[in-house]
Amino acid sequence: LRLLKMSKFNMLLQEVAASTGRQWLILVMAIANTSGLILVVAHLLTCFWYWIGRSTEEQGRRSWIAESFALEVPGWIQYLHSLRFILNNPSPPQIAPESGTERLVDVI
């Protein structure tokens, strides 16, 4: 129901922008929506990659967290390491996946 209301709202904004001669506003809205979606997806992937690293460490195996020397740093810095890996996968990888699970996520 909310998605339907949002689509009606977007259509209304597009009509107002077109009728007032401000088509650039539609482009700005599309760029903002796409940027927001990219950030949400990056955040979800970052959280998933961080969880995989923590799970691997809890199982007693070496993970990307140990490889990036981020075991003793605060959690938000570990999050930034994970975000960097998601947004800019190192090539050649300095933080290489160590476990099978990490390799699977790295391939996907």
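- The side chain to side chain contact (heavy atoms under 4.5 Å, CB included) test applied to Ile31 returns Leu27, Ser35, not counting sequence neighbours.
- Between Gln78 and Ile65, some side-chain heavy-atom pair lies under the 4.5 Å cut-off.
- Within the model, atoms CG of Asn33 and CD1 of Ile38 stand 11.0 Å from one another, a figure rounded to the nearest 0.5 Å.
- For the atom pair CD of Glu58 and CH2 of Trp51, the computed distance is 9.5 Å after rounding to the nearest 0.5 Å.
- Val41 meets the side chain to side chain contact (heavy atoms under 4.5 Å, CB included) test with Leu37, Leu45; sequence neighbours excluded.
- Between the side chain of Ser82 and the main chain of Thr46, a donor-acceptor pair closer than 3.5 Å is present.
- The two residues Gly53 and Ser63 have their closest heavy-atom pair at O-OG, 3.3 Å.
- A distance of 6.0 Å or more separates the ring centres of Phe48 and His43.
- By the neighbour-count criterion of 12 heavy atoms within 6.0 Å, atom CD of Gln59 is densely surrounded, having more than that number from other residues, nucleotides or ligands.
- Atom OH of Tyr50 and atom CD1 of Ile86 lie 14.0 Å apart (nearest 0.5 Å).
- Remark: Arg54 CZ to Cys47 SG distance equals 13.0 Å, nearest 0.5 Å.
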